Amino acid sequence: MSYPGPQNHKAQIWPDGNEGSEAFFNHMTAGQIRAAVPQDIWESYTKITIWRDPYDAIISRYYWEEMDKRNIPFDQFVGHFRSVLSENRRIAPLEGPNSPDIFLRYEHLEEDVNALGIDDLWARFSSLSAKGALRPKSGADPATVFAAHPDTADLIEREAADEIARFGYARPVATPDPATLKRTTASASGAMPSGSVTSPAPRPDFIFTLSAGRTGTAWLARFLGENMNIPSVHEPLGLDDYGTRLPSIGHMRHFNTYGMNGPVCDFWEGKLGELQAPYAESNHTLGKCGLIEAVVDHGLAPGTTIIILRRNLAKQIASYINRSDFSNVTIPWQWYLHPNYRNNILDPSQLTPMGEIGVAIWYALEMETRYAYYKHLYGHQLRFVETTLEEANTADGAARLMQSLGYPGRALLPPKMNASNTTSSTTEALVGEIETLLQRFSFDPEDVAKGFIQRGNRLDVPAVPRQGTTAGKVAAE
């Protein structure tokens with residue numbers, strides 16, 4: 001319509017005279033924008049977004065991606081790429097500090113645009129037409145499509161429950177046409193595996209771990225491989241694995257600073273794209289650079305189980321100290337986490353003055369908080385199984401773990417791996433000291449994680465600069 005194109009999106013000079021350093025791009029999340037603009041602009045500007053009935057929007061996405069031309073049935077597309085159902089909520093949250101001020105409803109666009117009070121705006125909107133020729137003229141309306149795919153409608157009803165309730169959307173209702181039903185549910189040769197969640201397999205396709213490291217992940221990899229007879233990997237350490245199968249320092253630092261940005265997404269595209277089920281990996285670094293987000297976004301959640309592997313906390317921390325794991329910054333960058341990362345959930349300020357032992361304690365508690373964070377956010381999409389090294393190393397505990405993975409019966413117990421060579425007396429003294437320190441702290445990972453989430457923070461988007469009590473704290477007695 002001959003208006004100016006995008007402006008000031010690569011370099012900015014804000015009204016206060018400061019220069020911006022962030023580049024802006026299509027479909028940035030509100031959290032990313034909030035972090036990139038001055039606070040007074042975020043607070044004073046009116047933020048507007050357009051929402052659309054999720055039942056209709058997913059059909060539009062199906063044809064926009066030309067899945068019909070690739071002979072991929074609609075239900076398999078939704079099941080495999082179910083993350084698209086949450087994309088709008090990730091971009092424009094319904095609640096919290098990153099939520100826009102105004103939600104225009106696509107189905108009532110004229111009414112809602114006119115309510116903005118901007119003269120002639122609807123007249124300009126109504127003259128535009130984009131992407132309108134992609135969907136077939138018949139048979140692609142929500143009532144017809146979901147009559148043929150009721151299970152997919154169930155999935156959308158669960159995944160989009162909040163927006164359905166907020167905007168009053170209703171499940172499409174129609175009498176199925178037998179011919180349409182037969183045609184649209186036919187499986188295509190070479191199509192993706194079904195994403196239906198109504199009849200999950202008794203055994204997971206993929207198994208990954210959330211773990212802090214020094215918790216028995218090497219032992220777990222061998223345990224799963226020997227008992228399940230599937231490929232089971234600990235840490236891919238080949239020369240060509242860094243940056244491809246194993247995250248590089250850059251990936252770790254990017255995720256914990258910027259969230260799921262381009263380089264991190266590219267890493268996961270490559271890694272997950274090469275996996276073949278069944279497969280297990282107990283590489284503890286993955287859970288600290290977007291594992292959970294990537295599994296969900298890539299549609300692997302229905303067939304994936306996440307094992308949260310813990311160890312006695314004082315012994316775990318003592319292992320870090322004995323190995324000097326936090327004495328050199330490159331080790332936390334590659335294998336653990338660093339207190340200076342932007343996206344940490346737990347405020348390290350009460351612990352870092354204690355030196356190396358304080359940083360090690362902070363890291364262990366940060367990981368406990370991240371377990372709670374991921375369970376709270378993704379527990380309805382992913383299956384989490386929790387165990388400890390001490391429990392899994394017993395016959396009964398090993399059997400319970402295997403049963404939770406769909407493999408009942410007795411389990412083989414491999415020997416210990418990567419055990420510390422530190423003398424028992426030294427270790428016992430250090431463990432006792434750490435236990436004393438831990439008893440002095442008042443800390444609830446569930447409360448800290450929920451507070452982080454309720455303030456609108458997420459690990460997969462850049463963190464908003466913290467002020468006051470916005471970060472979870474450890475209270476020292």
Side-chain angles (χ1 to χ4, degrees), residues 24-37 39 41-61 78 81-116 142 146 152-172 197 259-260 290 292-293 296-297 299 301 343 345 372-382 446-464 466 470:
F24 291 78
F25 51 89
N26 292 353
H27 304 307
M28 285 181 76
T29 68
Q32 289 172 312
I33 296 172
R34 183 184 177 198
V37 303
Q39 183 177 353
I41 286 183
W42 176 264
E43 293 177 350
S44 63
Y45 278 41
T46 299
K47 282 81 66 178
I48 300 175
T49 189
I50 300 178
W51 216 266
R52 187 173 184 176
D53 184 333
Y55 295 99
D56 189 46
I58 194 64
I59 298 173
S60 176
R61 183 63 173 269
V78 179
F81 294 105
R82 59 191 295 172
S83 62
V84 301
L85 297 171
S86 62
E87 277 185 340
N88 282 346
R89 298 197 302 279
R90 297 185 73 177
I91 294 170
L94 295 172
E95 303 290 346
N98 295 335
S99 179
D101 303 303
I102 296 174
F103 291 81
L104 304 178
R105 299 165 298 171
Y106 181 86
E107 302 78 13
H108 304 278
L109 204 53
E110 180 176 2
E111 173 187 349
D112 290 353
V113 168
N114 286 331
L116 294 174
F146 289 105
T152 305
D154 291 339
L155 173 62
I156 294 171
E157 188 173 14
R158 292 192 301 272
E159 295 286 335
D162 290 343
E163 61 197 86
I164 289 172
R166 174 162 180 166
F167 300 110
Y169 296 128
R171 177 177 177 140
V197 296
M260 294 289 282
I292 304 300
E293 293 86 350
V296 171
D297 286 349
N343 279 8
I345 303 177
Y373 167 89
Y374 281 121
K375 287 191 298 179
H376 188 77
L377 274 185
Y378 298 102
H380 64 294
Q381 299 181 64
L382 274 165
E446 293 287 338
D447 287 346
V448 175
K450 288 180 181 178
F452 182 80
I453 292 167
Q454 289 167 358
R455 289 188 294 273
N457 296 314
R458 298 293 185 271
L459 292 176
D460 57 354
V461 296
V464 177
R466 290 170 170 162
T470 57

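The figures here come from the full heavy-atom set of this structure, side chains too, leaving out hydrogens, waters and symmetry mates. Keep in mind that this is a model prediction, so the values were computed, not measured.
- Shown here are the side-chain contact (heavy atoms from CB on, under 4.5 Å) partners of Asp101, two or more places apart in sequence or in another chain: Thr46, Lys47.
- The backbone N or O of Leu94 sits less than 3.5 Å from a side-chain atom of Arg166, completing a donor-acceptor pair.
- Checked by atom type and distance alone, the side chain of Ser86 never pairs as donor or acceptor with a backbone atom of Arg89 at under 3.5 Å.
- With a 4.5 Å cut-off on side-chain heavy atoms, Leu459 and Glu293 count as touching.
- A donor-acceptor contact shorter than 3.5 Å is absent between the side chain of Gln381 and the backbone of Tyr378.
- Between atom CG of residue Leu109 and atom CG of residue Asn114 there is a gap of 9.5 Å, rounded to the nearest 0.5 Å.
- In this structure, the side chain of Arg455 does not engage the main chain of Gly96 through any donor-acceptor pair within 3.5 Å.
- Partners of Trp51 according to the side chain to side chain donor-acceptor pair (under 3.5 Å) rule, which considers only residues two or more places apart in sequence or in another chain, are Glu163.
- Contact of the Arg458 side chain with the Ile453 side chain is registered, since non-hydrogen atoms from C-beta on lie closer than 4.5 Å.
- By the side-chain contact (heavy atoms from CB on, under 4.5 Å) test, Glu43 is found to be paired with Gln39, residues two or more places apart in sequence or in another chain being considered.
- Put simply, CD1 on Ile156 and CZ on Arg171 are 9.0 Å apart, with the number rounded to the nearest 0.5 Å.
- In this structure, CD on Glu111 lies 6.5 Å from NE2 on His108, to the nearest 0.5 angstrom.
- The closest side-chain heavy-atom distance from Glu159 to Ile58 is not below 4.5 Å.
- Here the side chain of Asn343 pairs no donor or acceptor atom with the backbone of Asp460 at under 3.5 angstrom.
- For Glu107, the side chain to side chain donor-acceptor pair (under 3.5 Å) partners two or more places apart in sequence, or in a different chain, are Tyr169.
- Taking both residues in full, the closest heavy atoms of Ile59 and Pro142 are given as CD1-CA, 3.6 Å, listed atom of the first, atom of the second, then distance.
- Using a 4.5 Å heavy-atom threshold, the side chains of Tyr373 and Asn457 count as separate.
- Summarising the geometry, atom CD1 belonging to Ile33 is positioned 5.5 Å from atom CE belonging to Met28; distances are rounded to the nearest 0.5 Å.
- Note that CZ of Phe167 is 11.0 Å distant from CG of Asp53, once rounded to the nearest 0.5 Å.
- Remark: Pro93 pairs with Ala30, Asn98 by the side-chain contact (heavy atoms from CB on, under 4.5 Å) rule, at least two apart or across chains.
- If you take CG on Asp447 and CZ on Phe452, they are separated by 15.0 Å, rounding to the nearest 0.5 Å.
- Looking at Glu87 and Arg61, a side-chain N of the basic residue comes within less than 4.0 Å of a carboxylate O on the acidic one, giving a salt bridge.
- Using a 4.5 Å cut-off on side-chain heavy atoms (C-beta onward), Ile48 and Leu116 make contact.
- Partners of Phe146 according to the ring pair (Phe, Tyr, Trp, His ring centres under 6.0 Å) rule, which considers only residues two or more places apart in sequence or in another chain, are Tyr55, Phe74.
- Other residues, nucleotides and ligands contribute over 12 non-hydrogen atoms within 6.0 Å of the CZ atom of Phe25.
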